[in-house]
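Please read the structure below before turning to the comments.
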Number of protein chains: 2
Amino acid sequence: MGAANRLAELASPGHTGKTRGGEANIERILDAALAVFAMDGFAGARIDAIAERAGLSKPNLLYYFRTKADLYLAVLRRTLDMWLVPLAEMDTQSDPVAALTGYVTRKLEYARDFPEASRLFAMEVMRGAPILHTILENDLKRLVTSRAALLAQWMDAGHLPRRDPKHLLFLIWATTQHYADFAAQVKALTGQSLDDPGFFGEARRAVLLAVLGRS
Amino acid sequence: MGAANRLAELASPGHTGKTRGGEANIERILDAALAVFAMDGFAGARIDAIAERAGLSKPNLLYYFRTKADLYLAVLRRTLDMWLVPLAEMDTQSDPVAALTGYVTRKLEYARDFPEASRLFAMEVMRGAPILHTILENDLKRLVTSRAALLAQWMDAGHLPRRDPKHLLFLIWATTQHYADFAAQVKALTGQSLDDPGFFGEARRAVLLAVLGRS
DNA sequence: GTCTATAAGCGGATAGAC
DNA sequence: GTCTATCCGCTTATAGAC
């Protein structure tokens with residue numbers, strides 16, 4: 001996973017990064033920024049709000065990240081790193097049903113545990129992915145192509161219902177991330193969320209039925 | 001559909017609405033506003049950009065909609081009106097497979113023809129639906145409950161694979177709207193979009209396989 | 001109804017003390 | 001490294017002529 005690793009290093013473009021307290025601050029700033037950017041988008045996010053949430057002053061935040069755009073970029077990179085892990089790790093050795101079951105389960109756990117990361121990523125893509133489009137076209141595309149080939153093999157062997165593998169991946173992403181991105185709607189309609197174990201199980205079974213063609 | 005109709009009237013809160021040219025302007029403003037809000041979000045949208053796209057000056061736009069928030073509200077209402085139509089119209093008389101096939105197809109056509117409306121709606125929900133949450137909890141919830149009951153009947157009769165009807169609806173929304181909301185990612189990975197008839201067919205078949213359990 | 005000019009305020013970024 | 005105070009551009013919204 002070239003992109004993910006390549007992106008991880010430059011958390012703090014503005015300084016040497018040698019201090020202890022500074023590194024802890026950077027983590028808190030990135031956490032705060034994720035929450036605010038995911039809620040209000042890049043334009044709507046206020047540096048004051050991020051700084052307050054991170055427990056420092058606005059000029060002090062700007063000491064670590066010179067501009068709002070720098071901060072947004074850092075958050076996006078850190079998020080993408082994490083976001084691509086499940087697909088990269090999808091078990092290619094074990095049997096198809098177990099591998100896909102594990103992948104769907106992992107994706108739902110991510111949607112439950114990191115809904116803000118999901119929404120940040122969604123907002124970036126909905127804007128036309130101005131920052132991420134190169135990574136999507138190169139690294140993610142390579143990964144998807146290899147996984148699609150694997151899925152096609154499994155379909156040939158009769159382990160999965162035959163369908164276009166790319167669209168199967170889109171279906172898994174769309175359905176699992178829906179519970180994070182549209183959590184407000186899901187909550188309004190059902191009163192529940194993935195935090196309820198029973199609801200998590202319902203969602204998991206529904207997605208797996210669609211993916212595997214059977215429970 | 002109480003909500004949808006109830007929302008339609010107050011396109012132009014600021015004035016009498018008697019003039020001919022004025023009504024045409026309002027339509028052009030709403031079209032322009034949809035495009036800009038869907039791309040940049042509420043905070044990122046610039047009134048200048050909307051006015052220019054609509055072909056009039058910024059103060060003139062503000063003659064029709066007193067504030068940016070009024071304009072956003074009007075666009076959202078008009079969009080929701082349209083957005084709920086397919087579910088409301090899902091044919092309850094014809095046989096289950098035909099009704100669901102028609103619904104999926106219609107939703108995909110909407111995703112193809114009105115991707116900006118899909119993204120505007122998605123952004124509002126991702127923000128926690130501050131404007132729409134009452135409508136989601138009341139009108140949409142009623143509609144969903146009735147449709148879920150219908151789907152449960154069809155499952156009881158053996159026409160559809162048994163699964164939680166609510167999650168089946170979420171799956172249909174998530175998968176179809178994915179091709180609009182994540183169009184940039186789909187394009188980066190496949191080079192295609194729903195505008196390509198072949199790709200539209202692939203997507204449709206993939207979704208229908210998941211919904212019906214067979215092609 | 002439509003415009004030009006302008007007011008008013010917000011928010012990103014900087015200066016400089018500690 | 002962290003703060004207070006402040007600058008300055010940008011954007012919404014208004015005033016008022018046509």
Side-chain angles (χ1 to χ4, degrees), chain A residues 10-76 127 130-131, chain B residues 10-76 127 130-131:
Chain A
L10 28 65
S12 65
H15 68 58
T16 64
K18 282 171 189 166
T19 58
R20 302 282 140 238
E23 288 171 15
N25 273 342
I26 286 172
E27 283 308 305
R28 294 213 321 286
I29 291 171
L30 288 173
D31 289 343
L34 172 58
V36 175
F37 280 130
M39 175 63 81
D40 298 332
F42 177 77
R46 298 291 160 235
I47 289 183
D48 316 51
I50 298 171
E52 187 182 6
R53 194 182 259 263
L56 36 70
S57 68
K58 177 168 62 168
N60 198 13
L61 184 154
L62 289 169
Y63 166 78
Y64 290 100
F65 298 92
R66 259 199 274 273
T67 69
K68 189 181 174 181
D70 286 344
L71 177 55
Y72 179 72
L73 190 57
V75 176
L76 207 52
R127 287 176 53 82
I131 310 283
Chain B
L10 29 64
S12 64
H15 67 51
T16 62
K18 282 172 188 165
T19 58
R20 300 286 140 232
E23 289 171 13
N25 273 342
I26 287 172
E27 283 306 306
R28 294 215 321 285
I29 292 171
L30 289 173
D31 289 342
L34 172 58
V36 175
F37 280 131
M39 175 62 81
D40 299 332
F42 176 76
R46 298 293 161 234
I47 290 183
D48 316 51
I50 298 171
E52 187 181 6
R53 194 181 259 262
L56 36 70
S57 70
K58 177 168 61 168
N60 198 14
L61 184 156
L62 289 168
Y63 166 79
Y64 290 100
F65 298 91
R66 259 199 274 272
T67 69
K68 188 180 172 179
D70 285 345
L71 177 55
Y72 179 72
L73 190 57
V75 175
L76 207 51
R127 285 178 54 82
I131 311 281

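Everything numeric here is computed off the predicted structure, so don't read it as measured data.
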If you compare every side-chain N and O of B:Asn25 against the phosphate oxygens of C:dT2 (OP1, OP2), does one of them come in below 4.0 Å? yes
Separation of atom CG in B:Leu56 from atom P in C:dT4, rounded to whole Å: 12 Å
Measuring from the side chain of B:Asp48 (C-beta onward, heavy atoms only), which nucleotide among C:dG11, D:dT12, D:dT2 has the closest atom? D:dT12
Heavy-atom check, side chain of A:Phe65 versus side chain of A:Ile26, under 4.5 Å: yes
Do any side-chain atoms of residues 31-39 of chain B form donor-acceptor pairs under 3.5 angstrom with protein atoms, and if so which ones, sequence neighbours left out?
from    : atom 1 : to      : atom 2 : distance (Å)
B:Asp31 : OD1    : B:Arg78 : NH1    : 3.3
B:Asp31 : OD1    : B:Arg78 : NH2    : 2.8

Across the strands shown, which category fits B:Ala45 at heavy-atom distances under 4.0 angstrom: base, sugar-phosphate, nothing? sugar-phosphate
Measure CD1/A:Ile29 against C1'/D:dT2 and give the value in whole Å, please. 12 Å
Should A:Leu71 and A:Thr67 count as side-chain neighbours, where that means a heavy-atom distance under 4.5 Å? no
Report the residues that fulfil salt bridge (charged side-chain N to carboxylate O under 4.0 Å, His left out) with B:Lys68, sequence neighbours left out, ordered by chain and then residue number. none
Please name all residues satisfying side chain to side chain contact (heavy atoms under 4.5 Å, CB included) with A:Leu73, sequence neighbours left out, ordered by chain then number. A:Arg77, A:Ile131
What does the list of N/O pairs under 3.5 Å between the protein and nucleotides 13-15 of chain D look like, with a distance for each?
from   : atom 1 : to      : atom 2 : distance (Å)
D:dA13 : OP2    : B:Lys68 : N      : 2.9

Hey, does the side chain of A:Arg46 come within less than 4.0 Å of C:dG12's phosphate (OP1/OP2), counting only N and O? yes
Phosphate OP1/OP2 of C:dC3 contacted by B:Ser57 side-chain N/O (<4.0 Å): yes
Between CG of B:Asn60 and P of D:dC18 the distance, given in whole Å, is 18 Å
Tell me whether the side-chain N/O atoms of B:Tyr64 come closer than 4.0 Å to OP1 or OP2 in C:dT2. yes
Any residue in residues 34-42 of chain A with a heavy atom nearer than 4.0 angstrom to DNA chain D? Just list them by number, or reply none. none
Rounded to the nearest 0.5 angstrom, the CD-CD1 distance for A:Glu27 and A:Ile29 is 10.0 Å
Hey, can you pull the donor-acceptor pairs under 3.5 Å for the side chains in residues 41-62 of chain A, sequence neighbours left out?
from    : atom 1 : to      : atom 2 : distance (Å)
A:Arg46 : NH1    : A:Ala43 : O      : 3.4
A:Ser57 : OG     : A:Asn60 : N      : 3.3

Nearest whole Å is fine: how far is D:dT12 C1' from B:Glu52 CD? 17 Å
